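None of these values were measured; they are calculated from a predicted model. Remember, it's 1-based here, ligands and their atoms both numbered in the order they're listed.
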Amino acid sequence: MRVEIIPCLKDNYSYLLIDDSNNTSCVIDPSEAFPIIEFLEKNKIKLSFILNTHHHYDHVGGNKKLKEMYGAKVVGYKDDKERIPEIDFTVKNNQIWKEKNFQAKIVHIPGHTSGHICFYFFNEKKIFSGDTLFSLGCGRIFEGTYAQMFNSLNFFKSLPHETNIYCGHEYTLKNSEFCLVHDSNNQNLKEKIRRIKDRLNRNLSTMPTTIKDEIECNIFLRSENLEKFSKLRDLKDNF
Ligand code: ZN
Ligand code: FE
């Protein structure tokens, strides 16, 4: 299985998880259909599933068109079935979702929205974190509480450190500036920033990041309690 990163809209990422053994794929959070279609057609890959981390427009905008074109099935969280367009299959917390050769654990990680989930492909050690965990940042709290977001972020710390994380947006550089202000002596962070800038200078995505990098460098994962986390989250909103 390999992941193809598809930049969409202004700073979104959609991802194709491709099974090369049979040329089938899943798309995670298709912001828009066109860039996905273009890649699939050019590479002669079939689209079987559309996996949505949450209902926001910039994560589901391509659902309808992709379903029409490929007959792909839409998978989303059970409590969001009224607001994820074209949903076919609902999933719940801690469920193992398995279709064809694809197998992911679903984890409910509320905070950004009440129904946010992530898709953890544990065999491949890849996780799609949507707008909950960003590289060097985390999502805004729109529908949940600070405690929910804090717990959701803590879940990521329990994963194997080499796990690759694929986030919903390219916010890494901007996030790094905030981390640096609040964690100015962190050498791992400084090294990570060097790598980020090098990638961006070469017009590459900063994805994937890893659990190890985020534990070492992400100020939100490094907050030792809810109070500190909440304060940082508020400061970040106005940064
Ligand atoms: Zn969102
Ligand atoms: Fe988003």
Under 4.0 Å between a Lys/Arg side-chain N and an Asp/Glu carboxylate O for [X] and [Y]?
X	Y	answer
Arg222	Asp183	yes
Asp234	Lys231	no
Glu216	Lys212	yes
Lys92	Asp79	no
Arg194	Asp198	no

Measure from the ring center of His56 to the ring center of His116 and say whether it is less than 6.0 Å.
->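 Between His56 and His116, the centre distance exceeds or equals 6.0 Å.
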Verify the distance test for [X] against the Fe ion (ligand 2): any N/O/S atom under 2.8 Å, yes or no.
X	result
His56	no
His59	yes
Asp29	no

Tell me, which N, O or S atom in Asp131 is closest to the Fe ion (ligand 2)?
->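 Relative to the Fe ion (ligand 2), the closest nitrogen, oxygen or sulfur of Asp131 carries the name OD2.
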Proximal heteroatom of Asp58 relative to the Fe ion (ligand 2) (N/O/S) =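 Of the nitrogen, oxygen and sulfur atoms in Asp58, the Fe ion (ligand 2) lies nearest to OD2.
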What N/O/S atom of His56 gets nearest to the Zn ion (ligand 1)?
->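 Closest to the Zn ion (ligand 1) among those atoms: ND1.
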Got a sec: is Asp131 within less than 2.8 Å of the Zn ion (ligand 1) via an N/O/S atom?
->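 Coordinating: yes.
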Indicate if the distance from the Zn ion (ligand 1) to the nearest N, O or S atom of His54 falls below 2.8 Å.
->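 A backbone or side-chain N, O or S atom of His54 is under 2.8 Å from the Zn ion (ligand 1).
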